[in-house]
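Working notes, structure below.
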Amino acid sequence: MNESLETVAPFQTPGALQAGIPNRSPFGLFWHRFRQDKAALLALTFLVLLVLVAIFAPLIVKLLGAPPPNELDQNALDSFGTATGPSSVHWFGVDDLGRDVLSRTIYGARVSLIVAFSATFLSVFLGVVLGLIAGFKRGWPDTI
């Protein structure tokens with residue numbers, strides 16, 4: 001394996017090529033191990049599906065034929081005015097006011113996603129600003 005430096009791929013060094021060990025970036029190593037873990041791939045698929053359902057909530061509710069989340073359906077309640085179980089019209093049933101639980105769950109995923117991203121953005125923003133102030137000022141701000 002006497003190859004010149006020009007023929008070596010940009011991500012491999014000549015020594016690694018001779019040893020048969022490919023050089024990989026940290027992301028490449030992560031992705032290689034991640035692809036081998038079936039549970040992790042299933043969890044990633046589920047999370048991506050959940051995020052897509054949350055983003056496209058109005059479209060999905062309409063495609064499923066479920067009523068809007070705040071629409072009251074008095075016919076779905078029994079004669080005593082209590083919630084009934086699942087049916088062909090209301091897959092998850094209705095709440096005490098006659099609102100469809102499936103559409104409320106889908107829209108609830110949207111609200112949860114907004115809260116999660118907002119909280120993450122706010123904490124990262126505050127952490128970066130406070131870290132910059134502490135690194136620039138030093139002294140007592142850095143100690144705090």
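Rounding to the nearest 0.5 Å places CG of L64 at 4.5 Å from CH2 of W91. Atoms CZ and CZ, on F56 and R110 in that order, are 9.5 Å from each other to the nearest 0.5 Å.
Hydrophobic clustering (ILVMFWY, side-chain heavy atoms < 4.5 Å, transitive): F27 and L41 are in one cluster. Grouping the Ile, Leu, Val, Met, Phe, Trp and Tyr side chains by contacts below 4.5 angstrom, directly or via other members, places I60 with L52. With hydrophobic clusters built from ILVMFWY side chains whose heavy atoms lie under 4.5 angstrom apart, L113 shares a cluster with V48. Criterion: ILVMFWY side-chain heavy atoms under 4.5 Å apart, direct or through other members. Under it, F136 and I133 are not part of a common hydrophobic cluster. Cluster membership for L44 and I55, using ILVMFWY side-chain heavy atoms within less than 4.5 angstrom, is shared.
Checked for salt-bridge contact, D95 and R99 meet the test: a charged N lies under 4.0 Å from a carboxylate O.
In the displayed structure, R33 atom CZ is contacted under 6.0 Å by at most 12 heavy atoms of other residues, nucleotides or ligands. For F117, the CZ atom sits in a loose shell: 12 or fewer heavy atoms of surrounding residues, nucleotides or ligands are nearer than 6.0 Å.
In terms of heavy-atom proximity, P67 sits nearest to V61 at O-CG1, 3.8 Å.
Using a 4.5 Å heavy-atom cutoff, the side chains of D73 and H90 are in contact.
The aromatic rings of F121 and F125 sit parallel, their planes meeting at an angle under 30°, below the 60° perpendicular limit.
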The test is side-chain contact (heavy atoms from CB on, under 4.5 Å); show your working for L77 and D96 and say whether it passes. CA-CA 8 Å; L77 302 175; D96 291 335; 6.0 Å; no

